[in-house]
Visitor: 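I'd like to ask you about the structure that follows.
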Amino acid sequence: MTTIMIIGGGPAGYVAAITAAQQGHQVSLIDQGPLGGTCLNEGCMPTKSLLESADVYSQVQHAGEFGIQLFADGIEIDWQRIQHRKNQVVSTLVHGIQYLMRKNKVKVINGKASFITSNTVRVKGEGTEQQVSADKIIIATGSEPVALPFAPFDDEWILHSSHAMSLQEIPASMVIIGGGVIGCEFASVYSRFGTNVTIIEMSCQLLPGEDEDVAAVLHKKLEDDGVIIHTSTAVKDLQKDKKMVLFENDEGIQKLSADLVLVSIGRKPRVQNLGLENIGLEFSHQGIFVNERMETNIPNIYACGDVIGGVQLAHIAFHEGTVAALQASGEEAQVNYRAVPRCIYTSPEIASVGLTEKQARDQYGDIRIGEFPFAANGKALITGKQQGKVKVLVEPDFGEVIGVSIVGVHATELIGQATVMLHAELTTDSLENFIAAHPTLSETIHEALLSAIGHAVHV
């Protein structure tokens, strides 16, 4: 029986452990923190819980639009209850992974691992130290927030995302440095809870990886929620003693005071202090080098998830963890990044799969574009959330759908339909006669597709 060791219990690591165990191997998993990694404990799940609370608060505020009158003294935010609910969600999911480890007979070892040889690691726990060996090893140690070079995190005034989701109280003001996914999600949380939020982004738009017109819808909604947004702007200094942020743009050097500063300029692979240099494993500050089979330069060692760099998404980590475990088990497998959905849980939500418009034009030239606004969709009008649109990109030669972007209500759920289209390499002629249920939000995707081929009905 092959022994397989996984270092890291996040999405890539615990999925790799379960997959390897299901292949009949003896599996051990080493992690210094609670199972689930950053995504479950300090990232995806707790932030979505806070966003859900913000959504409910916003819905109650607008209940009158639906004929529901509130006669109490007003709406009150119970921040401690919100935090308690968030922690309950996390705890339930952590216990779920612990159950899966027991069910699949995965031995969980708590501690920090570092390589001694290519088959053996030293594991240091609280007051303990041991050596663990295995035939095959999968590295899935994840990533950590990037700090500004001139202003390290202090968990007091200069925060990263993990700090920002467990504040003792709702701050009066917050500056968010970085207008990417994490920054925009926290802006969407705190602005709706009453915090005066300012976003400072170096790029010319929020969400630099998405289409400008899609990001513009979120930009406007955040401003409507009271967020002040500075794009094409660089932070020059953080003066902790004065709680002052200095930034520069076309208007020159400006100053802004804030109760808290959230730095969300990205995450870096966690490759330090693993002893990788001891065994000659090839890596850089951008991550561990792997091929499409998750193999490193050392035959019995694999790596997956955020630690290899690239796009840092939990569902990609799930996929890479599965591939790494199958390869370590002697099965042939390789990653498929063709149709990876990108989800942003702001208000409104944004979700995309495949190419952006710029990428599509660079690759195919004269593409076809179809759009359909939520304002023309009956179900969106019923929900009172008609902001946003669906955008479909079609390549010119075969009519293949090569990209879909959605900004609007439940975009992160709707993108599943588009992801199947891209995964299966479907074309417009195979989808033109598709029947979507009515009235549903999912009709918008088919309507946008029909718009791309000149057969739009409702717009």
Visitor: I'd like to know if the side chain of Q205 reaches the main chain of E210, judged simply by a donor and an acceptor atom lying under 3.5 Å from each other, with no hydrogens or angles considered.
Guide: yes
Visitor: Could you please spell out the steps behind the side-chain contact (heavy atoms from CB on, under 4.5 Å) verdict for L218 and L207?
Guide: CA-CA 9 Å; L218 175 62; L207 305 173; 3.7 Å; yes
Visitor: Given I176 and Y190, is the side-chain contact (heavy atoms from CB on, under 4.5 Å) satisfied, shown in steps?
Guide: CA-CA 11 Å; I176 299 177; Y190 284 107; over 6 Å; no
Visitor: Only distances under 3.5 Å count here; give the side-chain donor-acceptor pairs of residues 420-427 to other protein atoms, sequence neighbours excluded, each with its distance to 0.1 Å.
Guide:
unit_1	atom_1	unit_2	atom_2	d
T427	OG1	D429	OD1	2.3

Visitor: Crowded around Q168 CD? As in, over 12 foreign heavy atoms under 6.0 Å?
Guide: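 Result for CD/Q168: open.
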Visitor: Would you list the pairs meeting ring pair (Phe, Tyr, Trp, His ring centres under 6.0 Å) in which at least one residue belongs to residues 336-356, sequence neighbours left out?
Guide: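 Counting only pairs at least two positions apart or across chains, no ring pair (Phe, Tyr, Trp, His ring centres under 6.0 Å) contact touches residues 336-356.
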Visitor: Mark yes when over 12 heavy atoms from residues, nucleotides or ligands other than F398 sit less than 6.0 Å from its CZ; otherwise mark no.
Guide: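 Not buried by this count: 12 neighbours or fewer within 6.0 Å.
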Visitor: Taking all atoms of both residues into account, what is the closest heavy-atom pair of Y57 and I75, and its distance?
Guide: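 Looking at all heavy atoms of both residues, the closest pair is CE1-CG2, 3.4 Å.
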Visitor: Does this structure show an ion pair linking K358 with D211, if we count only N-O contacts that are shorter than 4.0 Å?
Guide: no
Visitor: Distance-only, no hydrogens or angles: does the E349 side chain make a donor-acceptor pair with backbone N or O of T412 under 3.5 Å?
Guide: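 Such a contact is found between E349 side chain and T412 backbone.
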Visitor: Taking all heavy atoms of A187 and all of V197, pick out the closest pair and write down the distance.
Guide: CB-CG1, 4.0 Å
Visitor: Please name the pair of heavy atoms, one in G209 and one in T356, separated by the smallest distance, quoted to 0.1 Å.
Guide: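 Heavy atoms of G209 and T356 come nearest at O-CG2, 3.5 Å.
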Visitor: Not counting sequence neighbours, which residues clear side chain to side chain contact (heavy atoms under 4.5 Å, CB included) with V90? List them please.
Guide: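 For V90, the residues satisfying side chain to side chain contact (heavy atoms under 4.5 Å, CB included) (neighbours in sequence not counted) are L40, N41, P46, V94.
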Visitor: A quick test of your reading: do over 12 heavy atoms of other residues, nucleotides or ligands sit less than 6.0 Å from CD of E212?
Guide: no
Visitor: Looking only at heavy atoms, which two atoms of M174 and T195 are closest? And how far apart?
Guide: N-CG2, 3.8 Å
Visitor: In Å and rounded to the nearest 0.5 Å, what is the CZ to OG distance from R81 to S53?
Guide: 10.5 Å
Visitor: Please determine whether the number of non-hydrogen atoms from other residues, nucleotides or ligands lying under 6.0 Å from atom CE of M244 exceeds 12.
Guide: yes
Visitor: According to side chain to side chain donor-acceptor pair (under 3.5 Å), does anything in residues 445-459 pair up with another residue at least two apart or in another chain? List the pairs.
Guide: E432-H455, E447-H458
Visitor: Would you check if P348 and V407 make a side-chain contact, meaning some heavy-atom pair closer than 4.5 Å?
Guide: yes
Visitor: Show me the donor-acceptor pairs within less than 3.5 Å that the side chains of residues 139-154 make with the rest of the protein, sequence neighbours left out.
Guide:
unit_1	atom_1	unit_2	atom_2	d
T141	OG1	R270	O	2.8
S143	OG	R267	NE	2.9
S143	OG	D306	OD2	2.8
E144	OE1	R270	NE	3.2
D154	OD1	E156	N	2.8
D154	OD1	W157	N	2.8
D154	OD1	I158	N	2.8
D154	OD2	K240	NZ	2.9

Visitor: With a 4.5 Å limit on heavy-atom distance, are the side chains of I18 and M101 in contact?
Guide: yes
Visitor: Can you name the residues that form a side chain to side chain donor-acceptor pair (under 3.5 Å) with K48, not counting sequence neighbours?
Guide: E185
Visitor: Could you name each residue pair satisfying ring pair (Phe, Tyr, Trp, His ring centres under 6.0 Å) that touches residues 208-240, not counting sequence neighbours?
Guide: H230-F247
Visitor: Using side-chain heavy atoms (C-beta onward) and a distance below 4.5 Å, is M294 in contact with I308?
Guide: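 A side-chain contact under 4.5 Å exists here.
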Visitor: Are any of the side-chain nitrogens in K389 or D213 under 4.0 Å away from the carboxylate oxygens of its partner?
Guide: yes
Visitor: If you take all heavy atoms of A12 and C304, which pair is closest and at what distance?
Guide: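 Shortest heavy-atom contact: CB-SG, 3.8 Å.
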Visitor: Please answer whether the main-chain N or O of G178 pairs with a side-chain N or O of S264 as donor and acceptor at a distance below 3.5 Å.
Guide: yes
Visitor: Above 12 or not: heavy atoms from other molecules or residues under 6.0 Å from CD of E413?
Guide: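 No, not enclosed.
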Visitor: Just by modelled atom types, is the A436 backbone N or O under 3.5 Å from a matching donor or acceptor in the T440 side chain?
Guide: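 Checked: no pair found.
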Visitor: Do L238 and I177 touch side chain to side chain, with heavy atoms closer than 4.5 Å?
Guide: yes
Visitor: Quick one: does any side-chain atom of H319 pair with a main-chain N or O of H315 as donor and acceptor, under 3.5 Å?
Guide: no
Visitor: Are the side chain of S91 and the backbone of N87 linked by a donor-acceptor contact shorter than 3.5 Å?
Guide: no
Visitor: Kindly write out the residues that satisfy side chain to side chain contact (heavy atoms under 4.5 Å, CB included) with S166, not counting sequence neighbours, or none if the list is empty.
Guide: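 Scan of S166 (side chain to side chain contact (heavy atoms under 4.5 Å, CB included), adjacent residues dropped) gives Q83, K86.
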Visitor: Under 4.5 Å between any side-chain heavy atoms of I415 and P341, yes or no?
Guide: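 Touching, per the 4.5 Å side-chain cut-off.
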Visitor: Any donor-acceptor pair under 3.5 Å linking the side chain of T233 with the backbone of T231?
Guide: yes
Visitor: Step through the shown structure and confirm whether more than 12 heavy atoms of other residues, nucleotides or ligands are within 6.0 Å of CG on D362.
Guide: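 Yes, enclosed.
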Visitor: Please check this pair: side chain of T47 against backbone of G43, looking for a donor-acceptor N/O pair closer than 3.5 Å.
Guide: yes
Visitor: D31 side chain to L35 main-chain N or O, any donor-acceptor pair under 3.5 Å?
Guide: no
Visitor: Keeping to residues at least two apart or across chains, list the salt bridge (Lys or Arg N to Asp or Glu O under 4.0 Å) pairs with something in residues 186-206.
Guide: D55-R192
Visitor: Report yes if some heavy atom in the side chain of Q334 is under 4.5 Å from a heavy atom in the side chain of N336; otherwise report no.
Guide: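 Not in contact.
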Visitor: Is there a side-chain contact (heavy atoms from CB on, under 4.5 Å) between V353 and R342 once you walk through the steps?
Guide: CA-CA 6 Å; V353 63; R342 308 181 298 275; 5.6 Å; no
Visitor: Can you pull out every side chain to side chain donor-acceptor pair (under 3.5 Å) where at least one residue sits in residues 394-411? Sequence neighbours excluded, please.
Guide: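 Qualifying pairs, neighbours excluded: R338-E400, S352-S405.
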Visitor: I'd like to know if E52 pairs up with R85 as an ion pair, taking the criterion as any Lys NZ or Arg NE/NH1/NH2 lying under 4.0 Å from an Asp or Glu carboxylate oxygen.
Guide: no
Visitor: Under the rule for side chain to side chain contact (heavy atoms under 4.5 Å, CB included), what residues qualify as partners of V189, not counting sequence neighbours?
Guide: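 Partners of V189 by the side chain to side chain contact (heavy atoms under 4.5 Å, CB included) criterion, ordered by chain and then number, come out as L50, L51, F193.
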Visitor: Less than 4.5 Å apart, any side-chain heavy atom of F374 and any of V390?
Guide: yes
Visitor: Start with the C-alpha gap between F372 and L449, add the side-chain angles, then the distance that decides, and say whether side-chain contact (heavy atoms from CB on, under 4.5 Å) holds.
Guide: CA-CA 9 Å; F372 190 82; L449 180 82; over 6 Å; no
Visitor: Is there side-chain contact between I229 and I200, with heavy atoms separated by less than 4.5 Å?
Guide: no
Visitor: Are the side chain of D259 and the backbone N or O of P171 linked by a donor-acceptor pair below 3.5 Å?
Guide: no
Visitor: Who pairs with V271 by side chain to side chain contact (heavy atoms under 4.5 Å, CB included), at least two apart in sequence or on another chain?
Guide: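 Checked V271 against side chain to side chain contact (heavy atoms under 4.5 Å, CB included); matches are P269, L276, F283, I288, V307.
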Visitor: Is it the case that over 12 heavy atoms from other parts of the model lie below 6.0 angstrom from the NZ atom of K268?
Guide: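 Check fails, neighbour count at 12 or below.
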Visitor: Would you name the heavy atoms of I6 and A17 that are closest together and state the gap between them?
Guide: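 Scanning both residues, the minimum pair turns out to be CD1-CA, 3.7 Å.
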Visitor: If you apply the rule side-chain hydrogen bond (donor to acceptor under 3.5 Å, both in side chains), what do you find for N377 with Q386, and how did you get there?
Guide: CA-CA 8 Å; N377 175 262; Q386 57 265 41; over 6 Å; no
